[in-house]
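Structure first, commentary second.
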Amino acid sequence: MNPTTTPVRRQLSHPPVDASPFPYNPGSLLSAGDLSLDGISHILARATALENQDPLVRNRILAKRRVALLFYESSTRTRTSFELAAKSLGADTTLVSSLSSSIEKGESLKDTGLTLRALGAEAIILRHNSSGAAWLLESETRLPVLNAGDGMHEHPTQALLDLRTILAHLKAGAETVTPETLAGVTVSIVGDILHSRVARSNMLLLPRLGARVLLCGPKELLPELAALAGPGITIERDFEAALRQSQVIMMLRIQAERLAGLQLDLEEYKAAYQLTGPRLGTLAPTAIVLHPGPIIRGLELTAGVADGPQSAILEQVKNGVAIRMAVVERALLADKQGGRA
Ligand code: CP
């Protein structure tokens, strides 16, 4: 697969979820767009319930169940939080990374997945540099597959933990979501939209809850076509104008590993799009700053902003564990919970 391509299913107009062959397994989470509003509400409620549960009770939920983490790209937050989440529920986890495994010898994704299944894995958490890899792995193994980031395509659990952070700040931690839950809320996503799977998953999630999404960045990192991504999504190239309208600012890293020769003038970029203290002053005091991480201090935002009172970046990280507990539980108990939500 070419890492720069979008899977065929995503290039077509979005089919109704039930008309799609994916996901095969009711426990899978491949795309933020595959979740119904009931499904999102269920995950949010379970995240809170599991977070508050006695750890000695919680770690019996998936006692001795086997979860494999299959990581072809580096990760700190996603990998650690998925592992902690699965272990908190009592599951046994094993990590296979592209370095130090037979992937280095040329073993394919399909064969690696079938091998993990034969070894007893009951669910696979996959990060891969190719867009669509999670769909391929699911179709070959039919196991529950949790997409932990596929190329430039999607990162659905990041969007869910971003949502949990937004709801905690702006909607008193609401857990039941409707098409109006985020009505009146403007979320600006700023920076390297083109290469961002986080942006794409949030664009599939937030407008369905009533949020207005502004995309902000230079033409090289934000093509005009992005405005056609769906209802509720528009482009605002003027960063100050986006800040003035927003209750949530989601800053993105420039994904140097995916630029494929694209040359950017970083001083020009910072002059136009770096979130600085003075720019933060144009935001409402109740507005929050998000970033999926890793942050590059001094590039997309200053250290003062990252560490400042409006930054919810470490809350996002913390919410990752709760959301991923709910998603791992759903992966392994989806049949008992009544199938795909
Ligand atoms: N947000 C995120 O995916 O971070 P990692 O690459 O560290 O997992």
Side-chain angles (χ1 to χ4, degrees), residues 3 29-32 43 47 67-88 93-99 123-134 137 145-166 168 187-206 221 248-259 275 288-297 299-301 305-306 311-328 331:
L29 178 53
L30 304 179
S31 165
I43 289 170
V67 175
L69 294 108
L70 178 53
F71 275 63
Y72 287 74
E73 275 188 350
S74 48
S75 165
T76 299
R77 281 147 287 271
T78 312
R79 197 186 92 184
T80 309
S81 57
F82 260 122
E83 190 170 349
L84 290 173
K87 282 186 156 77
S88 296
T93 63
T94 188
L95 170 68
V96 176
S97 68
S98 51
L99 297 176
I124 301 178
I125 297 159
L126 177 70
R127 169 163 291 192
H128 203 284
N129 51 323
S130 292
S131 302
L137 183 67
V145 170
L146 302 178
N147 183 359
D150 64 319
M152 293 157 47
H153 185 223
E154 278 225 49
H155 196 347
T157 56
Q158 178 70 43
L160 287 167
L161 72 89
D162 292 342
L163 174 63
R164 189 172 198 244
T165 310
I166 293 168
V187 180
S188 284
I189 307 179
V190 184
D192 186 358
I193 314 288
L194 177 64
H195 302 107
S196 175
R197 52 199 177 204
V198 174
R200 239 167 299 289
S201 285
N202 272 295
M203 286 155 67
L204 283 169
L205 186 67
L206 298 176
L221 301 177
V248 179
I249 292 287
M250 188 180 295
M251 300 303 298
L252 299 176
R253 176 178 70 91
I254 296 175
Q255 302 209 11
E257 67 275 29
R258 301 189 213 281
L259 290 184
L275 187 55
I288 56 170
V289 177
L290 303 183
H291 192 309
I295 62 172
I296 308 297
R297 290 169 184 257
L299 183 44
E300 68 269 15
L301 78 180
V305 171
S311 168
I313 296 171
L314 293 177
E315 285 172 52
Q316 289 174 272
V317 176
K318 184 169 184 285
N319 282 330
V321 179
I323 286 291
R324 287 171 178 133
M325 279 195 288
V327 167
V328 171

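In each ligand, atom 1 is the first atom listed, and ligand 1 is the first ligand listed. For clarity, every value in this text was computed on a predicted model and none was experimentally measured.
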Between Glu315 and Asn319, is a side chain to side chain donor-acceptor pair (under 3.5 Å) present by the stated rule, with each step listed?
CA-CA 6 Å; Glu315 285 172 52; Asn319 282 330; 5.5 Å; no

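- For the pair Arg324 and Phe82, the distance from NZ or CZ to the six-membered ring centre is under 6.0 Å and the angle to the ring normal is within 45 degrees.
- For the pair Arg127 (side chain) and Gly149 (backbone), a donor-acceptor distance under 3.5 Å is absent.
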Checking Asp150 against Leu126 for the side chain to side chain contact (heavy atoms under 4.5 Å, CB included) test, could you report, in this order, the C-alpha distance in whole Å, the side-chain angles of both residues, the deciding distance, and whether it holds?
CA-CA 8 Å; Asp150 64 319; Leu126 177 70; over 6 Å; no

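- In terms of protein heavy-atom proximity, atom 6 (O) of ligand 1 is nearest to Arg127 NH1, 2.8 Å.
- In this structure, Leu275 and Val190 have side chains that are not in contact, with every pair of non-hydrogen atoms separated by 4.5 Å or more.
- For atom 2 (C) of ligand 1, the closest non-hydrogen atom of the protein is Thr78 OG1, 3.4 Å.
- The shell of residues lying under 4.0 angstrom from ligand 1, judged by heavy atoms, excludes Glu73.
- Of all the heavy atoms in Thr165 and Ile288, the pair that sits closest is O-CD1, 4.3 Å.
- The CG atom of Leu194 lies 5.0 Å from the CE atom of Met152; values are rounded to the nearest 0.5 Å.
- Checking only distances, Arg79 never comes within under 3.5 Å of ligand 1, N or O to N or O.
- For atom 4 (O) of ligand 1, the closest non-hydrogen atom on the protein side is Arg77 NE, 3.0 Å.
- At least one N/O-N/O distance between Pro292 and ligand 1 falls below 3.5 Å.
- Counting the atoms of ligand 1 from 1 in the order shown, those under 4.0 Å from a heavy atom of His155 are 2 (C), 3 (O).
- Near Thr76, with a cut-off below 4.0 Å to any heavy atom, the atoms of ligand 1 are 5 (P), 7 (O), 8 (O).
- Heavy atoms of Gly293 come nearer than 4.0 angstrom to ligand 1 in at least one pair.
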